[in-house]
Each structure stands twice: as structure tokens, then as C-alpha cells.
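Proteins come first, then strands; the chains are lettered A, B, ... in the order of their sequence lines, and each starts at number 1. For the numbers below, each heavy atom of this structure counts, side chains included, while hydrogens, waters and symmetry mates do not.
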Number of protein chains: 2
Amino acid sequence: MHNRRVLWQEGRVNRILLQRNELRYDGTFAPEDARAQHILKVLHGTLGQSVKLGIVDGPKGVGVVGQVDGARVVMACTWDPAPPPRPRVDLLLALPRPKVMRRLWAPLASLGVGTIIITNAAKVERNYFDASALDEATWTPLLLEGLTQASDTLLPRVHVRRRLRPLVEDELAQLSDAHIRLVADPAGPARLIETRVAPSERILLAVGPEGGWTPFEVELLQTRGFSMVSVGTRILRTDTACLALLGILSEIAAA
Amino acid sequence: MHNRRVLWQEGRVNRILLQRNELRYDGTFAPEDARAQHILKVLHGTLGQSVKLGIVDGPKGVGVVGQVDGARVVMACTWDPAPPPRPRVDLLLALPRPKVMRRLWAPLASLGVGTIIITNAAKVERNYFDASALDEATWTPLLLEGLTQASDTLLPRVHVRRRLRPLVEDELAQLSDAHIRLVADPAGPARLIETRVAPSERILLAVGPEGGWTPFEVELLQTRGFSMVSVGTRILRTDTACLALLGILSEIAAA
């Protein structure tokens, strides 16, 4: 999964990620792919140099270059005792256009989202669900790119559900353990920024399709515990809205 | 300037924009370009139908379709007594990579920025300034696209200054009348979200290059009244950071 994309990616490499099963029996990590190239060419890696590493869904750590063997870099690793804390925001997102969705994966992972649930809505066009932006093979490298940029290791969990109503009525509590459920809507009586969150609480934010949720959908969400919150009067593209809203919520949750 | 891009654009048309000099002597507006197409094909415009209009850097208004003449749509217009209020946030941005800059124009206009000042920094690569993303002919249609999406009319003013120090030392107060100056930095002692803004105050936010401001640059900004504020520990791409930060500041300023 960590293939040549790493060199083509748009974000910076602020931490090199590996899968747990890439660790060797002696605890060393010895990439010879684009990650080794990055260490040698971008970081000008030399013997004894420290490199920030992270195990996907595991702890952050440091690798010390002990050997350079052609294109292969062998590092001795030490790891934090535990993975970083899980982001406190989950996202329920009505599927936007494929081009917008594709572009969202990396920034969502950068900003930090625990679980991303993609769903349908009346104003989502059906053929959006056929797009390759919704393939795990598409989103996984983009999410890893976002984590690599943000220096994080926790891969957002992704669920795709084509039917909103059974999702909201029956399944949502299994997919997201967030107690605070918010739906952004211009008619919301409370302002998003006034949301107060206890240190242990997690938030699930619902972001509607580009044409907005229908009244039926808003009611469905409200009966399942979503509070309406407003965020200004401007009409934003889904990707702009998601990043601005997650920026606000991450800061609120960290306060 | 309002050419076929309108049909290709990524955002939605939530308000059709026109330049003041496109109004005819009798006060009607009669487009026959992509805007007329949008009214006829997307809005299924018929006689008597109301269409949201806006004059660039002027008031919002409504056009009522009085005549359809082949590809031309003639509308009688009424306008708000005044333009919408100017956004309360200005942005001082160290130039990011051309691809990132190009992608930022429309969302910046959507979120609402009064003035955008693009500048240099030690960690900005020099050739970035040669890119077409910095041509007015590139940014103007993208900013208009963002306004069209956000249903706003106020075009951000854009200034490009290749030298940071004379900009900050001599010229900044002329380009931005914001009294509150903030620079986002992980070492900032105060948290951005705790910023308090009086209803009449405007904010100038400085966003550094992807590698960060140098200590010299931070000091330069601080001596000119910028306060350091922190926003989490994640390292974000410039475009993600801008949208998240502007989302937070817009909400703070509207509170």
C-alpha cells in the first residue's frame, strides 16, 4: 500500500508510516521503497540519523539509521508506550461529487477524524456511489497521505452505507460511539462555536449534500439525537464546509 | 471575465454575478452567455421567474425574467440598498506551491476574506512566484466562482508582495485595516479559539509556508503587533490549514 504514491503525494512527509507486519523479527524496519528513497534523498539520511516513524493504528516512534544497503535503509526502532489518542470527532457525510470526495480523503485524515461514515441523501446523485473515489483502494493511500502529512498514525475507520434511514435508525450507534450528535444547518438555533464538550466526550457531525438535507432528513436526524447548529450564512462547497467545520470542532474538543 | 468557466466550475451557482457596467441604461440585465444558459437550463427559467443576482463589489438583488430572446434572458432588477458587510478577516499568506495556491482561491472567496496578501518567506521556493496561479487573470475567475458559490458579492482584494520585510514593516497597515493581528504557530501561548473580537474589529491572520516561518520571521511579525496563537498539534497542508483557520476565525468574528 505504501508504494510510489509517497513521492507523488501532495502533502509533506512529516512522519513515515509502516504497517505492523513490516517490522522484522529483530524489531528493525528496513524499507527499500519510496520511504527509503525519502530518507536517503529528502532527509539526506546518514548513519545514526533519527527518523520519525509511526505504525498505522499503532504508536509513534523513532528509527535510527543503522545501515544503508543500496536502496535499503535499516533502522532500529523505539516506540511510544501507546498509540496517540483517537480524534474526538466523527463525520457523517452525504456523499459529494466524486471529484470533491476524492480530494477530501487526505485533508480529513490530516485534520483528524475517528470514523467517517459516507451515506446517501435525497440530493445525492445515485451514480456518485459508482465512482472509484469510494473504493477502499482509492481512499486508503489518500488517508495514509493525510496521516503522513499530519504526523499521526490513526487511520480513520470508513463505512459506506447507501441507505440513510436504516443507517440512522439502526446502525449509527455501532459505527460511532459519539454522544454529541450535531447537524450543521443554517436554521440551527444554536451556534456551532458555542458547543461545549466535556473532555471525555466525542462528537458526531453530520454534513449534508450540496443541495442540503431535506426537511424529512433533518427530522430523521433530530429524532435520533442530532442537534441543529448553525455556522454562518454562506453556502459552502462540501469540501470547504467539512474542513472549516472540522477545524472548529477540533478546536472546541481540544479546549 | 464571466465566460464559459461558469458552466465548468466546481461550485454551485447560488447567485449569478455581474459587473456594474453590464447593467443596461434602463436598469435591466440581459446576459446571453453562460449565465443565461444557467438560467434557462439549470433553473429552467420562465417568464416571471426570480433569479438571485449580485453586482461584483456591490449589492445583492433579484432579477425577474421579462423576456427570453433566443439565448438571451432579459431581467428587470431590484437591488438591496447597500452591499453586504465586508468580511472581517484578512489573510497574510506565505505563497504555497502553485497547485495548492490555485486550488485555494475559490474556497477563500467562499469563506469570505476581505483582503488577501500573498508574500514571500524563507521557506517559499522562489519559482513559485512565476506560476500562473499568481496572475490576476487566473485568480479573478476563481474568486468569482467562490463568491457565486457562497452567494456573496464582495471580491477579496489581492496584493502580491515578493519581499516580506518591507511589506510587514512599511506597507501592511495600508493594505489591511485590521487591528487584531494573529500568527498561527504551534508555540503560541494563547489558543486561537480563545481570541475575543469586538463587533467592529477586523482580524489579520498570518499563515506561514509549508515548512513554517523562521524564528526571524516570527520575531518580525511579533514586533509589528502579531500575537502568536496555537491551533492544535497537527501539521496541515497550507490549504487545509487556511480553510480550518478561516472557519474558526469567521465563527469567532460572527459571535
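- With sequence neighbours excluded, the residues satisfying salt bridge (charged side-chain N to carboxylate O under 4.0 Å, His left out) with D130(B) are R162(B).
- Neither the backbone nor the side chain of L246(A) has a heavy atom closer than 4.5 Å to any heavy atom of chain B.
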Show the atom names and distances, to 0.1 Å, of all donor-acceptor pairs under 3.5 Å that link a side chain in residues 104-115 of chain B to residues at least two apart or in another chain.
residue	atom	partner	partner atom	Å
W105(B)	NE1	A133(B)	O	3.0
S110(B)	OG	A106(B)	O	3.3
S110(B)	OG	G146(B)	O	3.0

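- No other option in G247(A), A241(A), A244(A), A150(A) has as many heavy-atom pairs under 4.5 Å with chain B as A150(A).
- Contact of the F226(B) side chain with the L204(B) side chain is registered, since non-hydrogen atoms from C-beta on lie closer than 4.5 Å.
- Ranked by non-hydrogen atom pairs under 4.5 Å with chain A, the options L192(B), D152(B), L245(B), T238(B) are led by D152(B).
- The only option from L164(A), N120(A), V183(A) that meets the side-chain contact (heavy atoms from CB on, under 4.5 Å) definition with E217(A) turns out to be L164(A).
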